[in-house]
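So the structure is just underneath, and the comments pick up after that.
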Amino acid sequence: MIPADDIAGHETADPTALLAWYDRHRRGLPWRALPGETADPYRVWLSEIMLQQTTVQTVKGYFERFLARFPTVEALAGAPVEAVMQAWAGLGYYSRARNLHACAQAVVERHGGRFPANETALLALPGIGAYTAGAVAAIAFDKPAVAVDGNVERVLSRLMALEEPLPRAKPAIRALALALMPKARPGDFAQALMDLGATICTPKKPACVLCPWSPPCRARREGTAETFPRKEAKKTGNLRMGAAFVAVRADDCILLRDRPPRGLLGGMAEVPGSDWSAAFDAGQALAAAPLNTRWRRLPGSVRHVFTHFPLELTVYRAELPARTPAPEGSRWRARAELKDEALPTVMRKVLAHAAIE
DNA sequence: CACCCGTGGAG
DNA sequence: TCTCCAAGGGT
C-alpha cells in the first residue's frame with residue numbers, strides 16, 4: 001500500500017527553503033545580531049533565559065534595562081543577588097534569576113568570563129537545560145545544535161502530522177530537528193524555525209499560505225494544522241486562600257518581609273500573610289497577623305493565578321504609630337522606595353488593593 | 001516521569 | 001470569564 005502522500009507527490013522539507021524565507025522575513029530583535037555580524041554570547045544567553053516561557057514583547061523592556069544595569073557577564077557576576085532579583089521582579093519564574101546570577105559567576109570562575117561554545121559544557125551551567133544549551137551553541141557560536149522550544153515542537157509536529165502527544169513526542173521531535181538541520185548556518189536554522197513558529201506557524205490560524213514549508217507539510221495538506229501538536233490533558237490546581245496584612249506606619253512606611261530563597265516566589269519580598277490553604281477562616285487568618293493591632297478587613301479580595309493554582313487573598317490594613325518596631329524577620333520600607341523592592345506581581349496587586357501603590 | 005515554578009496577552 | 005500558552009529548567 002502506497003501512502004496517499006506519495007501518490008499525491010510532495011517535496012521533502014528543505015532547510016534551504018526555510019533559510020531563504022528567514023533571510024527575507026527574519027525579525028529584528030534587540031539581542032539578535034544583524035546579518036553578517038557576530039552574535040554576543042552574553043546577550044544571547046541573557047535573552048534565552050528571559051525568554052523561557054515568556055513572550056518576546058515582555059522580555060524586550062527587561063532585556064534593555066538588565067543590559068544597562070549589568071553590561072557584561074563580569075558585572076552581573078559581581079552584583080549582589082538582591083540587585084538581580086530586584087531587576088527581575090515582575091518577570092516571573094524567579095529561580096531563573098537566581099540561576100542566572102549563579103551561571104554568570106560560574107562562567108567567570110570556570111571559563112574565565114567566556115561562555116563555552118559546546119552544548120555539553122553549557123548544559124552543566126545553572127539554569128541551562130537542553131533547549132538553552134542548543135540555542136546558545138547554535139545562535140551565539142553557529143555550532144551544529146538544535147534548539148527545540150514550543151515553536152519548533154509545533155512546526156515539526158505539524159510538518160509530520162505527529163499523532164504522539166507532548167511531552168512524550170519530545171525525543172522524536174528532537175531527532176527530527178537534528179535530521180533536518182543543515183551543515184551550513186545551523187544558527188540561522190535554529191532561529192528560522194522559531195521565527196516561523198512565532199509568525200507563520202502560529203497556534204491559532206496559521207498562515208500556511210505564506211509558509212515556505214507549506215508543500216511538504218502533512219497537517220496543512222490534511223487541513224488539520226491547528227490541531228497540532230497533540231497534547232496530554234493537563235489538570236488545573238485547586239483554589240487556595242489566605243490573608244495578607246498591609247501595615248502602614250505614620251511615617252508612610254510599609255511592613256515587608258522576605259520569602260524563603262526556594263519554592264514559590266523564592267527570594268522575593270512580600271507583605272506578611274497567613275499560609276494559603278483550601279479554606280479561609282478569618283479568625284485563623286488573624287492569628288497570623290504580624291502585629292497586635294486593630295486590623296481592618298478591606299472589602300473585596302485579590303485574585304491571582306499561578307501556573308498550577310489560583311489564589312485568593314483577603315487583605316487587611318492597619319495604621320501604626322511612627323517608631324513602631326518591625327517584628328522579627330520583617331522590616332519597614334518607605335512607600336516611595338517600594339519600586340526598588342523585589343515584589344512579585346501578586347504582592348503589587350495586594351498593595352494596590354490596599355491603596356498603597 | 002510528575003510536579004513545581006509567574007506573568008501578561010490573545011482569542 | 002475562561003482557556004491557552006510564550007525561545008523551559010530543577011528536583
Side-chain angles (χ1 to χ4, degrees), chain A residues 26-27 29-32 39 43-63 85 88-100 102-103 122-140 145-155 165-168 170-171 173-174 177 187 189-199 201-205 226-227 229 231-238 240 259-268 270 303-311 342-349:
Chain A
R26 69 204 300 277
R27 291 177 292 174
L29 299 170
W31 45 86
R32 181 174 277 181
R43 295 169 66 101
V44 171
W45 163 73
L46 176 60
S47 70
E48 290 300 343
I49 302 299
M50 286 187 166
L51 287 161
Q52 288 167 6
Q53 299 292 286
T54 309
T55 59
V56 165
Q57 194 52 42
T58 300
V59 165
K60 280 181 177 172
Y62 279 89
F63 180 79
M85 300 307 289
W88 198 274
L91 247 194
Y93 286 133
Y94 299 100
S95 66
R96 289 187 298 172
R98 196 167 292 278
N99 284 330
L100 184 86
C103 184
L122 285 164
L123 209 43
L125 293 167
I128 296 186
Y131 163 77
T132 306
V136 172
I139 298 171
V146 293
V148 181
D149 69 338
N151 287 310
V152 178
E153 287 173 350
R154 186 170 58 255
V155 169
L166 289 171
R168 247 188 313 156
K170 279 174 179 286
I173 292 175
R174 181 176 182 79
F189 178 72
Q191 296 177 89
L193 225 34
M194 287 189 274
D195 274 22
L196 188 71
T199 64
C201 195
T202 49
K204 303 294 180 189
K205 310 276 185 192
E226 202 168 309
T227 70
K231 291 186 178 178
E232 304 280 14
K234 50 176 163 258
K235 47 203 157 198
T236 79
N238 296 322
R240 298 183 201 177
R259 294 180 61 86
R262 296 180 198 293
L264 183 68
L265 305 175
M268 303 298 285
E270 67 175 2
R303 292 180 150 279
H304 188 77
V305 180
F306 293 101
T307 308
H308 49 297
F309 68 92
L311 175 67
L343 285 163
T345 295
V346 61
M347 288 302 148
R348 303 266 180 206
K349 288 185 184 175

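These numbers were taken from a predicted model, which means no experiment stands behind them.
When atom types are taken as modelled, the side chain of A:R96 and the backbone of A:L91 share a donor-acceptor pair closer than 3.5 angstrom. Not one N or O on the side chain of A:T202 forms a donor-acceptor pair closer than 3.5 Å with the backbone of A:T199. For the pair A:R43 (side chain) and A:P30 (backbone), a donor-acceptor distance under 3.5 Å is present. Judged by distance alone, with hydrogens and angles left aside, the side-chain atoms of A:D149 form no donor-acceptor pair with the main-chain N or O of A:M194 at under 3.5 Å.
Side-chain contact check for A:Y62 versus A:T54: every heavy-atom pair is 4.5 Å or farther apart. Using a 4.5 Å heavy-atom threshold, the side chains of A:T307 and A:Y93 count as touching. Under the 4.5 Å side-chain criterion, counting only non-hydrogen atoms from C-beta, A:L166 is in contact with A:I173.
Contact annotation for A:A190: no contact, since no heavy-atom pair falls under 4.0 Å across all strands. Contacts of A:W31 with the nucleic acid, taken as non-hydrogen atoms under 4.0 Å apart, include base atoms. Note on A:G263: only backbone sugar-phosphate atoms sit closer than 4.0 angstrom, heavy atoms only; bases stay farther off. Among the atoms of the strands shown, none is found under 4.0 Å from any heavy atom of A:V59. Across all strands shown, A:G266 has no heavy atoms under 4.0 Å from either base or sugar-phosphate atoms. Residue A:P344 is classed as a sugar-phosphate contact, given heavy-atom separations below 4.0 Å to backbone atoms only. Looking at heavy-atom distances under 4.0 Å, A:V152 makes no contact with the nucleic acid at all. Across all strands, A:L193 comes closer than 4.0 Å to no nucleic acid atom at all (heavy-atom distances). Note on A:K231: only backbone sugar-phosphate atoms sit closer than 4.0 angstrom, heavy atoms only; bases stay farther off. Using a 4.0 Å heavy-atom criterion, one finds that A:T307 contacts the bases of the nucleic acid, with or without backbone contacts as well.
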Per-pair distances, 0.1 Å, donor-acceptor, side chain in residues 127-139 of chain A, under 3.5 Å, sequence neighbours excluded:
{"from": "A:Y131", "atom 1": "OH", "to": "A:E48", "atom 2": "OE1", "distance (Å)": "2.6"}
{"from": "A:T132", "atom 1": "OG1", "to": "A:Q52", "atom 2": "NE2", "distance (Å)": "3.0"}

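Annotation: of the two residues near DNA chain B, A:F309 and A:R168, the 5′-most nearest-nucleotide partner is A:R168. Checking A:K204 against A:L91, the closest nucleotide of DNA chain B that is more toward the 5' end is the one next to A:L91. Residues A:R154 and A:I128 each lie close to DNA chain C; by heavy-atom proximity, the contact nearer the 5' end of the strand is made by A:R154.
Between C:dA7 and B:dC3, the distance separating the two P atoms is 25 Å to the nearest Å. Nucleotides B:dG8 and C:dG9 are separated by 22 Å at their P atoms, to the nearest Å.
Going from atom CZ of A:R348 over to atom P of B:dG6 covers 15 Å, rounded to whole Å. The OH-C1' distance, from A:Y94 to B:dT7, rounds to 7 Å in whole Å. Atom NZ in A:K205 sits about 13 Å away from atom C1' in B:dA10, given to the nearest Å. Rounded to an integer number of Å, the gap from A:E226 CD to B:dA10 C1' is 13 Å. One interatomic measurement links the two molecules: NZ of A:K170 to C1' of B:dC1, which rounds to 13 Å at whole-angstrom precision. What separates CH2 of A:W88 from P of B:dT7 is a distance of 13 Å, to the nearest Å.
Less than 4.0 Å separates DNA chain C from at least one heavy atom of each of the following residues of residues 44-51 of chain A: A:E48, A:L51.
What you find for A:F63 and A:W31 is that their closest heavy atoms are CZ-CB, 3.6 Å. The minimum heavy-atom distance linking A:P167 with A:E232 is given by the pair CD-CG, 4.1 Å.
Using a cut-off of 4.0 Å between Lys/Arg side-chain N and Asp/Glu carboxylate O, A:R27 and A:D195 are scored as salt-bridged.
For DNA chain C, the span of nucleotides reached by chain A at under 4.0 Å from its heavy atoms goes, 5' to 3', from C:dC5 to C:dG10.
Close to B:dG6, at under 4.0 Å from its OP1 or OP2, lies no side-chain N or O of A:H304. Within the structure, every side-chain polar atom (N or O) of A:Y62 is placed at least 4.0 Å from both OP1 and OP2 of B:dT7. Checking the phosphate oxygens (OP1, OP2) of B:dT7, a side-chain nitrogen or oxygen of A:T345 falls inside 4.0 Å.
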